[in-house]
Amino acid sequence: MLRALSGLTTRGRCLLAAGIAAAVCSLVLNERDLLRVAIFVVALPLLVAAFISATRLRLGATRALRPERVAVGASGEVHLELWRSGRLPGGEVLLEDGVPYVLGSRPRFVVERLPHDRRVLLRYPLQPMLRGIQQVGPLRATITDPFGLCEFERELIGHSRLVVVPRVVGLWGLPGGAGVGAGDDGTVRLHAGQGEPDVIVRHYRTGDDMRKVHWRSTARRDEVMVRVEERPWRGGTTVLIDHRAAAHHGTGPAASLEWAVSFAASVALHLRRSGHRVRLVTEHAIPLADAPGDGGEGYDNVVLDALAGLQPAHQRDVTLGHDPAEGQELIAVLGTVSAESVHELARYRPRGVRSLAVLLDTPSWAGSGSSDQQAAATKDAAELLRAAGWGVVIAGPDTPMPQAWAELCRTGAHRAALIGGER
């Protein structure tokens, strides 16, 4: 009974107090009519409290997230179903679902008359602004009587997991000369004339069949080149994401780390859909996702889920200890890197294997733009990487991702031509 009385509203408590006061006055004045009124006034909130306490346990609800995985900037929706069992009439029900601020406003619903023979469907939208593993809930119901004398709060549903994945941008094209330095022959893919399929060529070796000489490549290079009777190389690519907190600037959705994560996701999915085997690692060579090129949508979800939960690392410098790409071609998305970090990245990479990097001008994400000294430091890091044989593109907060990727592809083609010339 004490638990039921705890649900009395201010109106109910005032009514109960007024009834008790009227009962005391009726005894002092010896007024039986006033005592009858006092008994009624006292009994009304007590009966309502007991009734609401008995009926509140008969509520049920379900929650469905559609979809359970949503990208930053996209729209999702939550479906709630509310029902009650039993024949007793129910009062007003106030529903409030717990929603983090990064998913939108907290929804509230008022159901005045909840039927007992069917379910009530409620919906509200989600607008995620920041990637991460978010928790929706709990769903709480506040049940009141028609007189507003008593109310009880109950948790109907706990938490539901929502994965907010990074935004994926459509990209076009691939770095030219894919496969340079990979494989036993160090073969180079060349694009023949219009309408002619791609071929793979290599330098002539003693004993090669002269019928396999590729005359167009021979004329272009001024040395004998022969065709390799293989399908075009579709090797592996490692995408490295630098997520050190010290390497990035900005906060929230506009942070440089969010740009880097979105770009890494876009590149990984684009390469996978182009037939490449893609690995995703951190700046410390810790694997995040690894699957063959034909991994399908399941691999897309593995990559996106790994990046959705990626949090800033506290290490200040890049530490590897071995080649993070394990001999594959490497595409690195880097924040601010020192000369020591550049040396750590370059020391384990074979010079004949293509290494590309998108270097973020992270100070420009701070809002005031980068100073001349900071811009010079970014350019120095880019020059150090280029001197180590890397192809580098510098990107800022206003750089469209397709443009950065297109420049990286052109840089890759140029590096492939240089390596092919060295061979």
Have Gln311 and His243 got a donor and an acceptor in their side chains that come within less than 3.5 Å?
no
When Leu103, Leu162, Leu126 are each screened for side-chain contact (heavy atoms from CB on, under 4.5 Å) with Val78, the one that passes is Leu126
Can you check whether Leu139's main-chain N or O pairs, donor with acceptor, with Glu155's side chain at less than 3.5 Å?
no
For the backbone of Pro287 and the side chain of Arg279, can you confirm whether one donor and one acceptor N or O come within less than 3.5 Å of each other?
no
Heavy-atom pair of closest approach, residues Pro324 and Arg349:
CD-CD, 4.5 Å
Give the C-alpha distance, both sets of side-chain angles, the deciding distance and a yes or no for side-chain contact (heavy atoms from CB on, under 4.5 Å) between Thr282 and Leu288.
CA-CA 7 Å; Thr282 68; Leu288 295 175; 3.8 Å; yes
Looking at Trp405 and Gly173, would you say the former's side chain and the latter's main chain have a donor-acceptor pair under 3.5 Å?
yes
Filter on salt bridge (Lys or Arg N to Asp or Glu O under 4.0 Å), then keep only pairs touching residues 31-44, sequence neighbours left out; what's left?
Asp33-Arg36
Pair His284-Thr319, side-chain hydrogen bond (donor to acceptor under 3.5 Å, both in side chains): steps then yes or no
CA-CA 5 Å; His284 303 302; Thr319 55; 3.0 Å; yes
Answer yes if the side chains of Glu81 and His79 hold a donor-acceptor pair under 3.5 Å, and no otherwise.
no
Any side-chain heavy atom of Val72 within less than 4.5 Å of one from Leu130?
no
For the CD atom of Glu329 and the OG1 atom of Thr238, what is their distance to the nearest 0.5 Å?
8.5 Å
Considering non-hydrogen atoms only, spot the tightest contact between Val165 and Ala308 and give its length.
CA-CB, 4.0 Å
Measure from the side-chain N and O atoms of Arg108 to the backbone N and O of Glu96, and report whether any donor-acceptor pair falls under 3.5 Å.
no
From His270 atom NE2 to Met401 atom CE, the distance as rounded to the nearest 0.5 Å
14.5 Å
Start with the C-alpha distance between Val318 and Glu340, add both sets of side-chain angles, then the distance that settles side-chain contact (heavy atoms from CB on, under 4.5 Å), and finish with yes or no.
CA-CA 8 Å; Val318 176; Glu340 293 77 9; over 6 Å; no
Between His248 and Thr362: side-chain donor-acceptor atoms closer than 3.5 Å
no
With no hydrogens and no angle check, is any side-chain donor or acceptor of Thr142 less than 3.5 Å from a backbone partner on Glu153?
no
Side-chain heavy atoms of Val99 within contact of Ser105, under 4.5 Å:
no
CG of Leu82 to CZ of Arg119: how many Å apart, nearest 0.5 Å?
10.0 Å
Close side-chain approach of Leu408 to Val358, heavy-atom, < 4.5 Å
yes
Suppose we screen for side chain to side chain contact (heavy atoms under 4.5 Å, CB included). Which residues come up paired with Ala382, at least two apart in sequence or across chains?
Leu359, Arg386, Val392, Ile394
Could you tell me if the side chain of Ile331 sits less than 4.5 Å from the side chain of Leu271, heavy atoms only?
yes
Between Ser26 (side chain) and Leu34 (backbone), is there a donor-acceptor pair under 3.5 Å?
no
Looking at CD of Glu326 and CD of Gln328, how far apart are the two atoms once the value is rounded to the nearest 0.5 Å?
7.0 Å
Any side-chain heavy atom of Val120 within less than 4.5 Å of one from Leu122?
yes
Is there a donor-acceptor pair under 3.5 Å between the side chain of Arg316 and the backbone N or O of Ala245?
no
Hydrogens and angles aside, do Ser160 and Arg63 bring a side-chain donor and acceptor to less than 3.5 Å of each other?
yes
To the nearest 0.5 angstrom, please state how far the CD1 atom of Ile241 sits from the CD atom of Glu283.
8.5 Å
Between Arg161 and Ile133, is there a side-chain heavy-atom distance shorter than 4.5 Å?
yes
Exam field: side chain Trp365 to backbone Gly396, donor-acceptor pair closer than 3.5 Å
no
Is a donor on one side and an acceptor on the other found under 3.5 Å between the side chain of Arg347 and the backbone of His322?
no
Would one find more than 12 heavy atoms of other residues, nucleotides or ligands at under 6.0 Å from atom CZ of Phe40?
no
Ignoring hydrogens, what is the shortest heavy-atom contact between Ala346 and Ala388? Give both atom names and the distance.
CB-CB, 3.6 Å
For Gly335, is there any backbone N or O sitting under 3.5 Å from a side-chain donor or acceptor partner on Asp242?
yes
So which heavy atom on Leu360 is nearest to which on Ser256, and how close?
CD1-O, 3.7 Å
Phe109 side chain near Asp97 side chain, heavy-atom distance below 4.5 Å
no
Contact summary for Leu174 and Ser274, nearest pair of heavy atoms
CD2-OG, 3.9 Å
Kindly indicate, with the supporting measurements, whether the criterion side-chain contact (heavy atoms from CB on, under 4.5 Å) is fulfilled by Ser262 and Val168.
CA-CA 6 Å; Ser262 181; Val168 176; over 6 Å; no
The criterion is salt bridge (charged side-chain N to carboxylate O under 4.0 Å, His left out); which residues satisfy it with Arg66, sequence neighbours excluded?
none
Could you give me the CA-CA distance, side-chain angles and deciding distance for Leu15 and Leu44, then say whether side-chain contact (heavy atoms from CB on, under 4.5 Å) is met?
CA-CA 9 Å; Leu15 191 62; Leu44 181 60; 3.9 Å; yes
Closest non-hydrogen atom pair between Ala71 and Val164, with its separation
C-CG1, 4.5 Å
Output for pair (Leu280 CG, Ile286 CD1), nearest 0.5 Å, gives 12.0 Å
Are Val337 and Arg244 side-chain neighbours, meaning at least one heavy-atom pair lies under 4.5 Å?
yes
